[in-house]
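Every number for a ligand or one of its atoms is a count from 1 in the order of the listing.
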Amino acid sequence: MTLPEDAPLTSFVIAVDGPAASGKGTIATGLGKAFDLPVLDTGLLYRCVGVMMQKAGANLDNHEEAAACALLLTADQLDDPALRTRAAGEAASRVAVHPRVRDALMEFQRTFARQEGGAVLDGRDIGTVIAPDAQAKLFVTASPEVRAERRWKQLKAQGERVSLKDVRADIARRDARDGGRDAAPMRPAPDAVLLDTSEMTIDHAADAARRIVEAARAKWISST
Ligand code: DC
């Protein structure tokens with residue numbers, strides 16, 4: 001179908017995936033501003049389920065209880081600063097292995113992605129599972145050492161007392177779990193553009209991401 005040249009561009013979806021502390025969150029926020037689109041940090045959903053489980057004293061490996069928490073989740077819970085802690089990140093990665101938790105969180109993410117105008121979503125499986133039809137897909141990476149240093153500085157700024165060595169171990173464990181699970185493992189979509197931010201400042205990385213998305217947007221516009 002060929003649309004007239006002045007047809008409204010209805011929905012432009014940007015998928016930003018990548019491992020912990022790769023810079024994908026900052027990049028997604030920058031893309032949201034640059035393209036005037038709402039942004040969803042999907043890691044917060046899993047963090048929220050992990051924190052709900054911990055508050056209830058539940059075992060994070062219990063998939064039934066974790067799925068029940070995921071079904072109770074509402075958008076207003078996502079602003080809680082407790083979701084940003086190191087413990088919440090680890091709990092999130094553990095509950096994220098359960099297929100029923102992922103299924104329970106899918107509709108929330110897909111509804112966000114399908115909103116009028118479009119959206120930016122960042123996570124692990126956005127380009128592969130949540131929005132495989134996204135018009136722009138990025139897979140943001142950085143070396144484990146660089147990511148560990150970034151996350152360590154972030155946690156210190158939040159007031160957490162943790163050694164760089166422990167953060168390195170956290171990152172290695174999260175990479176192995178997030179990439180090795182059976183349900184929607186973290187991996188680049190075949191049509192994602194890889195962006196290695198190891199040697200980049202955050203401004204440089206945000207700029208590179210914007211250029212990649214501008215190119216994808218131009219291609220999308222010319223194909224509609
Ligand atoms: O992006 P983050 O570090 O806040 O994510 C926390 C954990 O949540 C991550 O280790 C794995 C899980 N996660 C996921 O499985 N799928 C997503 N789309 C986002 C996060």
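Under 3.5 Å, the side chains of R177 and S93 contain a donor-acceptor pair of N or O atoms. Under 3.5 Å, the side chains of D203 and T201 contain no donor-acceptor pair of N or O atoms.
With a 6.0 Å cutoff to the six-membered ring centre and a 45° limit on the axis angle, R217 does not count as a cation-pi contact of F35.
The part of A96 lying near ligand 1 is the side chain, judged by heavy-atom distances below 4.0 Å. Heavy atoms of R124 found under 4.0 angstrom from ligand 1 belong to the backbone as well as the side chain.
Taking only non-hydrogen atoms, the option from T42, I130, V49 nearest to atom 19 (C) of ligand 1 is T42.
Among protein heavy atoms, atom 4 (O) of ligand 1 sits closest to R47 NE, 2.7 Å. Atom 7 (C) of ligand 1 has its closest protein heavy atom at A92 CB, 3.5 Å. Protein heavy atom nearest atom 8 (O) of ligand 1, with residue, atom name and distance: Y46 CB, 3.5 Å. Looking only at protein heavy atoms, the nearest one to atom 3 (O) of ligand 1 is R174 NH2, 2.5 Å. Among all non-hydrogen protein atoms, the one lying nearest atom 10 (O) of ligand 1 is D178 OD2, 2.6 Å.
Interface atoms of ligand 1 facing K24, defined by a heavy-atom separation under 4.0 Å, are 1 (O). Within the listing of ligand 1, atoms 7 (C), 10 (O) sit less than 4.0 angstrom from a heavy atom of S93.
The two atoms that bring G50 and A91 nearest to each other are CA-CB, 3.8 Å, heavy atoms only.
A salt bridge does not link E149 with R168: none of the charged nitrogens is closer than 4.0 Å to a carboxylate oxygen. Between R86 and D170, at least one side-chain nitrogen of the basic residue sits less than 4.0 Å from a carboxylate oxygen of the acidic one, meeting the salt-bridge criterion.
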Q. Between S198 and D196, does a side chain to side chain donor-acceptor pair (under 3.5 Å) hold up when you go through it step by step?
A. CA-CA 6 Å; S198 305; D196 187 333; 2.6 Å; yes
Q: Applying side chain to side chain donor-acceptor pair (under 3.5 Å), run through Y46 and R124 and close with a yes or a no.
A: CA-CA 11 Å; Y46 294 92; R124 302 289 187 290; over 6 Å; no
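At under 3.5 Å, a nitrogen or oxygen of R181, whether backbone or side chain, sits near a nitrogen or oxygen of ligand 1. Geometrically, ligand 1 and D125 share a nitrogen or oxygen pair separated by less than 3.5 Å. The shortest N or O to N or O distance between R102 and ligand 1 is below 3.5 Å.
The closest side-chain heavy-atom distance from R187 to F139 is not below 4.5 Å.
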